[in-house]
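Remember, it's 1-based here, ligands and their atoms both numbered in the order they're listed.
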Amino acid sequence: MPNPLFDTLFAPLENRATPVLILPDGTTISGSAFFAMIARAAGALRACGVEPGDRVAVQIAKTPEALAVYGAAVAVGAIFLPLNTAYTPSEVAYFVGNATPKLVLGDPAQIDALTPITARHGARLMALGADGTGDFTDLAKAQPDDMTVANRTEDDLAAFLYTSGTTGRSKGAMLSQLNLLSNARALVDLWRFTADDVLLHALPIFHTHGLFVATHVALLSGASMVFLPGFDLDTMIRLMPQATSVMGVPTFYTRFLGDPRFNRDLTAHMRLFISGSAPLLAETHLDFEARTGHRILERYGMTETNMITSNPYDGERRAGTVGFPLPGVEVKITDPATGATLPRRETGMIEVRGPNVFQGYWQMPEKTREELRENGYFQTGDLGVVDAGGYLSIVGRQKDLIISGGYNIYPKEIELVLDAQPGVLESAVVGVPHPEFGEGVLAVLVPREGQGPDVNAIEAALKTQLARFKQPKGYVIRDSLPRNTMGKVQKNALREAYADRLTKG
Ligand code: MLC
Ligand code: AMP
């Protein structure tokens, strides 16, 4: 039965003898062996009662078994909902309540904490651990390795990826099979991926970058992936000789540049280094070229739109820009106040339309209407300008958002937690320069009269409520917050006042 996403990305694995995954210890998993893993995982999903259109939420470590669950979800027509492994159980509770998955897979160590959450929402909970074992794997092993693939069309939903909202509530971006497929096809073509490529894959697979950009490009082109559980500099340097390409967030590149072993010799054989998810400083781009002779190819995307623009493969990869719209994708710059299209070289809101643009936010029609215009254009919240040569640069954000090491952090979510702490009258959270993560979270607290907030106690309280990467890396206490005449907190003034707070020793 037809299932375009499965047929395009996973079906070709069945008869592939070459490795699809190469693990850090050198073990390889051939296409056909991985196909069998997917088939058994699909059997296990069905044994759990998962049917087409059901949500399957996973908060599990990056392993071949975890990737097989994604393939299996596509095979059975389920909607895949990957969650950051750093989320605390109280954060996961929101996603489970909002998406009401049929099945949740969690780390064995988290099962006790997740049990009341899944029980409350009637979801089944099973374990899949960082070593690939767990009761889900046991169930999968007991399944046959022949596969029945669910009938799907390109318009059916394949995944929900949650993005945080400016009000502090996360929104489930609904992605169709076509959203994902159209993007994968454009990228393979543009970036010239082939079966000869070996992608050093160190990104997490719970976000667009690691799951859809990196994994889909590798699967569609027949490339292999050196599949690493996370970014470890020594491992990356050790395995670089096996690879032809890297996809990473800018923090990968600053970490590479911080190590003298990362030099021209180590990278001489490499074909392509790609960066995205956060701004790559022009300085990093130039330092990288001086060190290795390679020009990093920077591209721009979002959870709601997949990839939007890319620097060219053959033409000039211009530092500080994110290049041109992908084939089939339209980009325009508009006046944020009126929505009118602006001429070239004027700065405004980046809007995007194309087969890559998502289907809306799950059960949030008003939010969808606010951001996705009736004519199909999505308002990204990013501010940009197109230069005379047609290159797009991102010059700022209209949304109150911090991007730290490629993770999006919405200040509002943290402010809500801080405001509830004893001794805190109000708070403002801003992103300020951070040497490693680009931006780091800084909390500005205003004490209640006569009650100084206890920062140590606040840090301890936040640990149980917010993922580690969202917890402030610095605190400032001041008598009041700067406000404009409308009463709005002037975050720019705070960013300026505390610009060096996370960079000085
Ligand atoms: C880890 N920490 C972070 C952090 N990552 N803090 C802020 N921001 C981050 N991104 C915390 C850790 O919890 C730890 O806290 C301390 O910082 C040091 O951790 P580490 O061990 O050095 O970090 P590491 O595990 O190596 O992770 C760093 C990283 C990771 C850069 C490899 O953050 C990462 O994989 N980022 C990629 C995110 C991503 O895939 N984004 C794509 C989104 S899709 P402590 O205090 O305990 O020491 C998208 C669309 C698009 O944006 O266009 O692609
Ligand atoms: P997310 O919602 O996690 O998908 O993050 C998407 C956001 O990351 C975009 O709206 C941009 O603000 C930012 N982003 C992605 N790629 C780049 C890039 N190359 N340069 C600057 N910002 C980027």
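No more than 12 heavy atoms of other residues, nucleotides or ligands lie within 6.0 Å of CD in E283, so this atom counts as exposed by the packing criterion.
A cation-pi arrangement is present between K171 and Y361, with the terminal nitrogen or guanidinium carbon under 6.0 Å from the aromatic centre and inside a 45° cone about the axis. Cation-pi geometry between R271 and F273 is not satisfied (NZ or CZ under 6.0 Å from the ring centre, within 45° of the ring normal).
Taking the six-membered ring for Trp and thresholds of 30 and 60 degrees, H216 and Y70 have nearly parallel ring planes, at less than 30 degrees apart. By the 30° and 60° cut-offs, the orientation of the rings of F231 relative to F252 is tilted.
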Identify every side-chain donor-acceptor pair in residues 337-344 under 3.5 Å, counting partners at least two apart or on other chains, and give the distances.
from, atom 1, to, atom 2, distance (Å)
T338, OG1, A340, N, 3.1
R344, NH1, A388, O, 2.9

In a simple table, one pair per line, please give the protein and ligand 1 atom names for every N or O pair closer than 3.5 Å, along with the distance.
from, atom 1, to, atom 2, distance (Å)
ligand 1, 6 (N), K473, NZ, 3.0
ligand 1, 8 (N), S404, O, 3.4
ligand 1, 8 (N), S404, OG, 2.7
ligand 1, 10 (N), S404, O, 2.8
ligand 1, 22 (O), R255, NH2, 3.0
ligand 1, 26 (O), R255, NH1, 2.8
ligand 1, 26 (O), R255, NH2, 3.4
ligand 1, 36 (N), G405, O, 3.0
ligand 1, 41 (N), G406, O, 2.9
ligand 1, 46 (O), R468, NE, 3.1
ligand 1, 46 (O), R468, NH2, 2.6
ligand 1, 47 (O), R468, NE, 2.8
ligand 1, 53 (O), R299, NH1, 2.8
ligand 1, 53 (O), G301, N, 3.4
ligand 1, 53 (O), G301, O, 3.2
ligand 1, 54 (O), S277, OG, 2.6
ligand 1, 54 (O), R299, NH1, 3.4
ligand 1, 54 (O), R299, NH2, 2.7

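With sequence neighbours excluded, no residue forms a ring pair (Phe, Tyr, Trp, His ring centres under 6.0 Å) with H209.
For the salt bridge (Lys or Arg N to Asp or Glu O under 4.0 Å) with D400, the qualifying choice from K491, K412, K488 is K491, the only one to do so.
The pair R369-E366 does not count as a salt bridge, with every side-chain nitrogen at least 4.0 angstrom from each carboxylate oxygen.
Taking a heavy-atom cut-off of under 4.0 Å, ligand 2 is surrounded by S277, A278, P279, E298, R299, Y300, G301, M302, T303, V322, D382, I394, R397, K399, I403, N408.
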